[in-house]
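Note that the structure is a prediction, hence the values are computed from the model and not measured.
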Amino acid sequence: MRRYRSLSALLLLSICGAGCAGDTEFEAVYIQAPPKPVAIESSAPTRALPGAVITLRSSRYLSSADSYRLLLEGRNGDRSVSFQPALSVDGFVARFRLDDQALQALGDGTFRGSGQVRSTGPWGSSDGPPFNMQLEIIRELQPVFNGITDGSVYLNQKVVINVDDILLEGEGQSSVVLRGCFVPTGQAGTCPVPGTIVVDATVPVEPQTDTSRKGATFLFSPSIGGIKPGRFSGTIALQNAHDAGSTLATTEKTVSFDLQAPTLAGFAQQDASLGQYLDVLGTGFIGGTRGGGGVSAIAFSGEFVSNSGAHRPIAWRMVAAFKSGDVARYVIPEEIGDGAEKVVTRKDRGQLIGQWKLVSRYGDQTVESAPVNASLRIAPVKQVVHLRWLDGWERAMAMFGMTEADPKVREIARGVLEQIYAGVNLELRDRAPEDFRLYSTVDVVGRDPNNTGSLLGLDNSPGKDRDNRRLFDHIGGANATTLNQGPNGSSGYGGVFGMNFFVISEHPPPGVVVAKGVVPKPMFDEVFDKVRPDTGTPISADEMRNLVPLDGLSCPASSRPLEVACAVRSLGNMIGVILAHEIGHSLGLSKPLNPSADAVSSHNSGDEPYRLMDSGRPVSEYFALEGKLNAFCVENYQYLRRILPSTAAPPPGDRPPCDPGYKTE
């Protein structure tokens, strides 16, 4: 386990142990405002069945740190209705379900009235403006089937149907029922004769949106007639199977489909690296529950041509995951190749050049596509890092008096990280990546759940990861492997801990736990006292709009514009430096060749100026107000360039040396 010697913050407030007695008093002093009122722009659907999910769309983002209720007042016929369901939130959307309690309160028929959203946080509640709401509750819904466009299709292609009154989430399942005969291409005769397939298939339909009953699609599934090319002739009907048990269906319509052979087109990208998704393009992919079962495999026969010009034969088959009928997905593994010759994706650089084809298997049926010539470059290993700024961080910013500065502080921190890791193949993401399966996550939070009163941040990943073999560390949350291994038995929670930066203040706010032996740093107060709510004036939106350029040597400052600029720059630099340090630990630093994973071997020996992986830093180095950022020492940086090679040149400038006798091999 590794530590950054200084401060602490919290990921889950409910996990505080001893020492949290002052939390309520502290937060009442610093963050008194209730949540901002929530205005609702729309509510849908307006006609719903038992179990339906009612969706409310808000004009602002809904924080998961607060709780929400919908206050409904109105009438259903001659009956007065008052109901306050709890809401679940996701971004700009709030939802509640028509469960038994809701049905009892609202009753069958049409509710007409008004609604408002009540938002509740630790420091009070606020009610949004009323909006008109009408909701008709029915028990069954007869589907309407207006038409369909038939003709040529591929497996798992979306077939558009013109329908109305289909079921939505929670109400049951709308499906198409296909009955008839499937005749494989080249087969003579009609059903039922040997080689033909009698079809009686029920295939789910998908609404256009989660609140629309009009228009839908279904996937032409392998369950209809298998995966070989051929023609389906027969009928199609639409049915609603209600969760309550009844099923209502439309009359049948005559339809025919010509199923085409699957094709392989190539790849969505020209290169891919270890742990990255490779998206394979084509038609007729199958697999998984949504893809109707079966397997889509991509077979390669050709050679690997290295960047040095060496050739070696490679045969390889990858079983791809179903994403859609047009896209299959595969995660680039450590090794590519089914025989003795393999491509090791951590170290080999070059291209796979040859023929690729799609091999589909469903039951006893196998279909191969025509081969295509294509190349795929194996790119250097990349460490993708997802920075998660959690709700506790926003409360830490209020504690600093810097809520309005939050976006700028994050921007500065990100810039510091990019500068420190320049020349290393590491990429920062603000959202969870969708193009990589293997990526690391770092949580920036408020309090330290470990309650140490001394940590700025903590890499709680399980043991020293020499050569960064994992690629998927999570610095945050609770790690069962590291939990209870710290000196106080509770250092299993990682991340960067914003609130506990105040342990080095000479007058920390109430509720901040300070460990015995932590020495206060006057420079910390000289920079932040001017903007803290208890000692100065918080930064305003106007001051952020007029933020002045900062010469670091002007800090601490005497004029208000420079005081604001100093606080913003100092906190952004501090967060960036601590993030860089903890990420460095998760990559295997500071002494990657030392097999021990204890705190001593995880830091450089001694305490040299601006050397990032030392165990402690003067406040001036955190703030980087002299215009010089912390940096990896020479051997540390060489290690990072080796495990995460980049085509970008190292930034100019001298680096501090690592320990005397530092092993490089």
Side-chain angles (χ1 to χ4, degrees), residues 3-10 13 16 19-32 392-406 409 412-413 444-458 495-539 552 555-558 560 562-579 581 615-626 630:
R3 284 192 183 75
Y4 204 107
R5 198 170 58 201
S6 278
L7 304 166
S8 124
L10 180 56
L13 289 170
C16 271
C20 289
D23 289 357
T24 302
E25 174 189 359
F26 161 74
E27 288 170 344
V29 171
Y30 286 95
I31 314 172
Q32 298 178 353
W393 167 252
E394 296 177 0
R395 293 171 183 171
M397 289 299 287
M399 182 176 173
F400 274 98
M402 296 173 62
T403 297
E404 297 293 344
D406 191 8
V409 168
I412 292 170
V444 186
V445 297
R447 297 189 186 278
D448 173 13
N450 306 298
N451 203 34
T452 61
S454 63
L455 297 178
L456 282 171
L458 177 67
V496 174
F497 310 127
M499 288 184 185
N500 269 45
F501 290 10
F502 285 95
V503 300
I504 54 174
S505 170
E506 292 187 301
H507 43 88
V512 173
V513 177
V514 181
K516 185 178 180 180
V518 174
V519 179
K521 309 294 184 183
M523 187 177 185
F524 182 90
D525 295 322
E526 290 174 7
V527 169
F528 293 117
D529 273 0
K530 305 296 176 59
V531 298
R532 279 174 56 172
D534 57 334
T535 58
T537 303
I539 296 173
C555 296
S558 56
R560 178 63 180 180
L562 286 177
E563 289 169 356
V564 170
C566 284
V568 172
R569 177 64 60 182
S570 297
L571 188 57
N573 285 349
M574 192 172 189
I575 293 292
V577 168
I578 298 166
L579 280 168
H581 179 99
S615 61
R617 298 263 53 81
V619 173
S620 61
E621 291 187 16
Y622 284 134
F623 291 173
L625 295 178
E626 298 175 0
N630 289 251

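Of the possible polar contacts, none joining the Asn573 side chain to the Tyr622 backbone as a donor-acceptor pair under 3.5 Å is found. Side-chain atoms of Asn630 come within 3.5 Å of backbone N or O of Glu621 as a donor-acceptor pair.
Distance CD/Glu526 to OG/Ser570: 11.0 Å, rounded to 0.5 Å.
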message = Pair Phe400, Ile539 - check side-chain contact (heavy atoms from CB on, under 4.5 Å), show working.
response = CA-CA 9 Å; Phe400 274 98; Ile539 296 173; over 6 Å; no
ask   = After noting the C-alpha distance and the side-chain angles of Arg569 and Val409, does the key distance pass the side-chain contact (heavy atoms from CB on, under 4.5 Å) rule?
value = CA-CA 7 Å; Arg569 177 64 60 182; Val409 168; over 6 Å; no
task = Give the C-alpha distance, both sets of side-chain angles, the deciding distance and a yes or no for side-chain contact (heavy atoms from CB on, under 4.5 Å) between Thr537 and Lys530.
result = CA-CA 6 Å; Thr537 303; Lys530 305 296 176 59; over 6 Å; no
ask   = Going through the distances and angles, do Val445 and Met499 end up as a side-chain contact (heavy atoms from CB on, under 4.5 Å)?
value = CA-CA 8 Å; Val445 297; Met499 288 184 185; over 6 Å; no
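In this structure, Met399 and Pro509 have side chains that are in contact, with non-hydrogen atoms separated by less than 4.5 Å. Looking at Leu456 and Val496, their side chains never come closer than 4.5 Å, going by heavy atoms from C-beta outward. Using a 4.5 Å heavy-atom cutoff, the side chains of Val503 and Phe524 are not in contact. Between Val531 and Glu563, every side-chain heavy-atom pair lies at or beyond the 4.5 Å cut-off.
Taking the six-membered ring for Trp and the full ring otherwise, Phe502 and Phe497 have centroids separated by 6.0 Å or more.
Side chains of Asp534 and His507: no donor on one and acceptor on the other come within 3.5 Å.
Each of Pro520, Pro508, Ser505 was compared with Val514 under the side-chain contact (heavy atoms from CB on, under 4.5 Å) criterion, and only Pro508 meets it.
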